[in-house]
Amino acid sequence: PIYCAKKTKTHKDELGICRVLLAELEAHQDAWPFLTPVNHRAVPGYRKVIKKPMDFSTIKEKLTSNQYLNLETFIIDVNLVFDNCERFNEDDSEIGRAGHRMRRFFDKRWTELLQ
Ligand SMILES: Cn1cc(C(=O)NCCCNC(=O)c2ccc(F)cc2)ccc1=O
């Protein structure tokens with residue numbers, strides 16, 4: 001079409017996309033390191049190194065208690081999960097590789113959903 005207006009998304013539309021994206025992240029086979037908060041008593045050094053812990057269950061709680069203003073604030077928290085993972089884990093480790101795979105999956109899915 002000659003004129004293609006960018007369809008603005010309402011807050012409800014954006015939150016719907018967040019719910020779909022989060023469900024897909026949680027269902028992914030490589031999600032297991034990210035489903036619950038890292039147990040800093042079981043993982044030495046984690047609390048000192050990672051200033052802003054984040055995980056999918058915390059994101060779900062924030063989503064259901066309407067703490068995300070929009071899709072962007074949701075994407076910031078999801079990226080925090082993957083950035084924390086990269087900071088704390090070797091790229092060539094079980095959890096490090098899972099983090100890279102999950103980030104690639106997320107980046108692909110939210111761009112697809114926004115097209
Ligand atoms: C992101 N990150 C995670 C860990 C970590 O050790 N995370 C716990 C893994 C054990 N948790 C599971 O295996 C599990 C949890 C829930 C579930 F539904 C199924 C399996 C360590 C460093 C780090 O940076």
Side-chain angles (χ1 to χ4, degrees):
I2 298 166
Y3 177 69
C4 176
K6 213 167 160 32
K7 209 163 82 57
T8 48
K9 288 200 172 8
T10 66
H11 179 71
K12 279 182 75 62
D13 297 338
E14 294 206 342
L15 290 188
I17 293 172
C18 295
R19 276 189 213 97
V20 166
L21 282 169
L22 183 60
E24 292 187 7
L25 288 171
E26 289 172 326
H28 195 287
Q29 66 169 15
D30 293 318
W32 57 271
F34 315 108
L35 292 173
T36 51
V38 174
N39 177 349
H40 53 76
R41 279 181 290 284
V43 183
Y46 198 81
R47 186 161 43 182
K48 185 92 180 85
V49 172
I50 299 300
K51 301 305 175 196
K52 289 170 69 182
M54 189 48 66
D55 71 284
F56 296 160
S57 71
T58 302
I59 290 173
K60 178 176 252 169
E61 178 51 37
K62 287 179 73 172
L63 196 54
T64 49
S65 57
N66 208 15
Q67 293 178 55
Y68 290 117
L69 295 177
N70 51 33
L71 188 58
E72 191 201 357
T73 51
F74 168 81
I75 290 174
I76 288 166
D77 264 359
V78 175
N79 283 327
L80 179 57
V81 173
F82 303 141
D83 294 342
N84 288 344
C85 182
E86 273 206 57
R87 185 160 304 120
F88 194 78
N89 301 277
E90 295 293 330
D91 288 338
D92 186 22
S93 68
E94 201 62 44
I95 291 178
R97 274 190 301 277
H100 288 300
R101 287 196 294 267
M102 290 301 296
R103 184 199 294 278
R104 256 196 317 275
F105 171 78
F106 180 66
D107 286 347
K108 180 170 162 291
R109 284 300 290 141
W110 79 258
T111 40
E112 282 167 359
L113 283 177
L114 254 69
Q115 258 152 23

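Numbering of ligands and ligand atoms starts at 1, following listing order.
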Check each protein residue for a heavy atom under 4.0 Å from ligand 1 and list those that pass, ordered by chain and number.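 For ligand 1, the residues that come within the 4.0 Å heavy-atom cutoff are W32, P33, F34, L35, V38, Y46, N89, I95.
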- Does D30 come within less than 4.0 Å of R97, counting only side-chain N to carboxylate O? no
Min side-chain heavy-atom separation [X]-[Y] under 4.5 Å:
{"X": "Y68", "Y": "I59", "value": "yes"}
{"X": "W110", "Y": "V78", "value": "no"}
{"X": "H100", "Y": "E86", "value": "yes"}

Margin query: A quick test of your reading: do over 12 heavy atoms of other residues, nucleotides or ligands sit less than 6.0 Å from NZ of K51?
Written below: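 More than 12 within 6.0 Å, yes.
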Classify the angle between the aromatic ring planes of F56 and F34 as parallel (below 30°), tilted (30 to 60°) or perpendicular (above 60°).
->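 The rings of F56 and F34 sit tilted, inter-plane angle from 30° to 60°.
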